[in-house]
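If you're wondering where the values come from, they're calculated on a predicted model, not measured in any experiment. Residue numbers start at 1 and run along the sequence shown. As a basis for the values below, the full set of heavy atoms in this structure was taken, side chains included, without hydrogen atoms, waters or symmetry mates.
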Amino acid sequence: MRNKFKKMLLPLTALCLAAFSVCVYGAGAYNWYCKREKNHVRPTAENSMAFISENGGAYIGKDPEEKVIYLTFDAGYENGNISRILDTLKKHNVRGAFFVLENLVTRNTDLVKRMAEEGHLICNHTARHKDMTRMNEEQFKEELLKLEAVLKDTAGVECAKFYRPPEGRFSESNLKTASEMGYKTVFWSLAYADWDNDKQPEPEKAKQLLLANTHNGAVILLHPTSKTNADILDSLLTEWENQGYRFGTLDELFQTAD
């Protein structure tokens, strides 16, 4: 009876330890956001998130006087719109940053190769788009390293050392680990509800929303699977250019943010 009890207790103990590990590592989880401001005023993060910059992260350009925009795209799969986005970026000679998942790399390898060939940064959005705050340090590293390996082995592309947390969910531990791995964590200062393919925003309203909230040093997050984004990007880029904005790279963002 005693041996039977021990056999039952061992897996239960292991389960409790695993749960404890996830709970401890996931402590202090945050969902990223920054409140939009009127009249093109630059948004600011909550004071409780000051550790972002302390651990190599950024969400906006440092110089409030510089008319620069950083275009970033979170890309997990292709539905025809990513190719359209790339066509438009090429037309305007604009370089962006694509935060990719394993799924896109393995299923649409040629598309990822095209991104790199046309001068875009290919960055780490993790392999599987999981809640990274629920992972221990080893699991966190595994997600980033797996994406690196898939990019290299499948597409022959080196992963740029920029990381974006899936769904903007993060913790201070996450940022510290990413920094130790040589990554800069990239958030954003302007985004909108563009991700649901079944509820796409009306193009003109989406365009006006983005233009009304553009600010100096904006790190803009767009989902390139969005038909609305593919439809409006050409006119958006034209309008931003006419307003005197230039398009910077994440390398520049962190040169000025350090």
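- For His223 (side chain) and Asp74 (main-chain N/O), no donor-acceptor pair under 3.5 Å exists by modelled atom type.
- A 4.5 Å side-chain heavy-atom check between Leu101 and Thr126 finds at least one atom pair inside the cut-off.
- A distance of 11.0 Å separates OG of Ser179 from CE of Met181, quoted to the nearest 0.5 Å.
- At distances below 3.5 Å, at least one donor-acceptor pair connects side-chain atoms of His215 with backbone N or O atoms of Asn213.
- Taking 4.5 Å as the limit, some side-chain heavy atom of Glu252 sits within range of a side-chain heavy atom of Arg246.
- Pairing each heavy atom of Pro201 with each of Thr228, the nearest pair is O-OG1, 2.6 Å.
- Here Lys227 pairs with Asp231 under the side-chain hydrogen bond (donor to acceptor under 3.5 Å, both in side chains) rule; sequence neighbours left out.
- Within the 4.5 Å cutoff, no side-chain heavy atoms of Val41 are placed close to those of Arg36.
- Note that the OG1 atom of Thr225 and the CG atom of Asp194 stand 7.5 Å from one another [nearest 0.5 Å].
- Of all heavy-atom pairs spanning Ala58 and Leu253, the tightest one is CB-CD2, 4.5 Å.
- With a 4.5 Å cut-off on side-chain heavy atoms, Ile60 and Trp188 do not count as touching.
- A donor-acceptor distance shorter than 3.5 angstrom exists from the side chain of Glu78 to the backbone of Ser83, with no hydrogens or angles considered.
- Enclosure of atom CD in Gln208 by more than 12 non-hydrogen atoms of other residues, nucleotides or ligands within 6.0 angstrom is indicated.
- More than 12 heavy atoms of other residues, nucleotides or ligands sit less than 6.0 Å from atom CD of Glu202.
- There is a path of hydrophobic side-chain contacts, each under 4.5 Å, that joins Leu121 to Val219.
- Contact of the Leu86 side chain with the Leu111 side chain is registered, since non-hydrogen atoms from C-beta on lie closer than 4.5 Å.
- Note on residues 203-212: no pairs pass salt bridge (Lys or Arg N to Asp or Glu O under 4.0 Å), not counting sequence neighbours.
- Side chain of Ser235 to backbone of Ile232: a donor-acceptor contact under 3.5 angstrom is found.
- In this view, Phe98 and Phe73, His120 satisfy the ring-ring contact (aromatic ring centres under 6.0 Å, His included) rule, not counting sequence neighbours.
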(request) Evaluate the side-chain contact (heavy atoms from CB on, under 4.5 Å) criterion for residues His129 and Glu167: first the C-alpha distance (whole Å), next the side-chain angles of each, then the deciding distance (0.1 Å), finally the verdict. (result) CA-CA 8 Å; His129 205 266; Glu167 297 184 358; 3.6 Å; yes

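- For the pair Thr109 and Thr106, the tightest heavy-atom approach, listed with the atom from each and the gap, is OG1-O, 3.6 Å.
- The ring-ring contact (aromatic ring centres under 6.0 Å, His included) with Phe162 is formed by just one residue from the set Phe254, Phe187, Tyr70; it is Phe254.
- The main-chain N or O of Trp195 is never found under 3.5 Å from a side-chain atom of Ser226 such that the two would form a donor-acceptor pair.
- Between the CG atom of Leu190 and the CG atom of Leu221 there is a distance of 9.0 Å, given to the nearest 0.5 Å.
- Heavy-atom neighbours of Glu37 CD from other residues, nucleotides or ligands within 6.0 Å: above the threshold of 12.
- Salt bridge absent: Arg95 and Glu118 never bring a charged side-chain N and a carboxylate O closer than 4.0 Å.
- Between the side chain of Glu137 and the backbone N or O of Lys141 there is no donor-acceptor pair closer than 3.5 Å.
- To the nearest 0.5 Å, the span separating NZ on Lys184 from SG on Cys123 amounts to 13.5 Å.
- Put simply, the side chain of Asn136 gets close to the backbone of Gln139: a donor and an acceptor are under 3.5 Å apart.
- Note: the hydrophobic cluster containing Phe51 also contains Val186 (ILVMFWY, side chain heavy atoms under 4.5 Å, direct or indirect links).
- Using a 3.5 Å distance cut-off with no hydrogens or angles, the side chains of Thr72 and Arg164 do pair a donor with an acceptor.
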(request) Apply side-chain contact (heavy atoms from CB on, under 4.5 Å) to Trp32 and Met49, showing your working. (result) CA-CA 9 Å; Trp32 170 253; Met49 297 182 185; 3.5 Å; yes

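- Proximity of Val68 to Asn216: side-chain heavy atoms (C-beta onward) are nowhere separated by under 4.5 Å.
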(message) Assess the residue pair Glu148 and Lys161 against the criterion (salt bridge (Lys or Arg N to Asp or Glu O under 4.0 Å)); give the C-alpha distance rounded to whole Å, side-chain angles, the decisive distance to 0.1 Å, and a yes or no.
(response) CA-CA 10 Å; Glu148 287 181 13; Lys161 288 290 188 172; 3.1 Å; yes

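- If you take NZ on Lys146 and CG on Asp153, they are separated by 12.0 Å, rounding to the nearest 0.5 Å.
- Using a 4.5 Å heavy-atom threshold, the side chains of Arg42 and Ser189 count as separate.
- Considering all non-hydrogen atoms of both residues, Ala116 and Val157 come closest at CB-CG2, 4.0 Å.
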(request) Quick one: do Arg114 and Asp87 satisfy salt bridge (Lys or Arg N to Asp or Glu O under 4.0 Å)? Show the steps, please. (result) CA-CA 11 Å; Arg114 178 188 170 185; Asp87 290 342; 2.6 Å; yes

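- Criterion: ILVMFWY side-chain heavy atoms under 4.5 Å apart, direct or through other members. Under it, Tyr59 and Leu250 are part of a common hydrophobic cluster.
- Taking 4.5 Å as the limit, some side-chain heavy atom of Tyr192 sits within range of a side-chain heavy atom of Asn229.
- In plain terms, the two heavy atoms of Pro224 and Ile85 that are nearest each other are O-CG1, 3.8 Å.
- Residues Leu147 and Leu144 do not share a hydrophobic cluster, defined by chaining ILVMFWY side chains whose heavy atoms lie under 4.5 Å apart.
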(request) Please step through side-chain contact (heavy atoms from CB on, under 4.5 Å) for the pair Ile122 and Leu151, ending with a clear verdict. (result) CA-CA 9 Å; Ile122 314 302; Leu151 262 178; 3.8 Å; yes

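- Interatomic distance, Leu237 CG to Glu239 CD, rounded to the nearest 0.5 Å: 11.0 Å.
- Proximity of a side-chain donor or acceptor of Glu143 to a complementary backbone N or O of Arg128 within less than 3.5 Å is detected.
- The backbone N or O of Asp196 lies less than 3.5 Å from a partner atom in the side chain of Gln200, making a donor-acceptor pair.
- Using modelled atom types, one side-chain atom of Asn103 and one backbone atom of Gly76 make a donor-acceptor pair closer than 3.5 Å.
- For the pairing with Tyr163, the ring-ring contact (aromatic ring centres under 6.0 Å, His included) check across Phe170, Phe140, Phe99 returns one residue only, Phe140.
- Closest heavy-atom contact between Thr214 and Leu210: OG1-O, 2.7 Å.
- One hydrophobic cluster, built from ILVMFWY side chains closer than 4.5 Å, cannot hold both Leu145 and Val150; they sit in different ones.
- In this structure, Lys152 pairs ionically with Glu158, as a charged nitrogen and a carboxylate oxygen lie closer than 4.0 Å.
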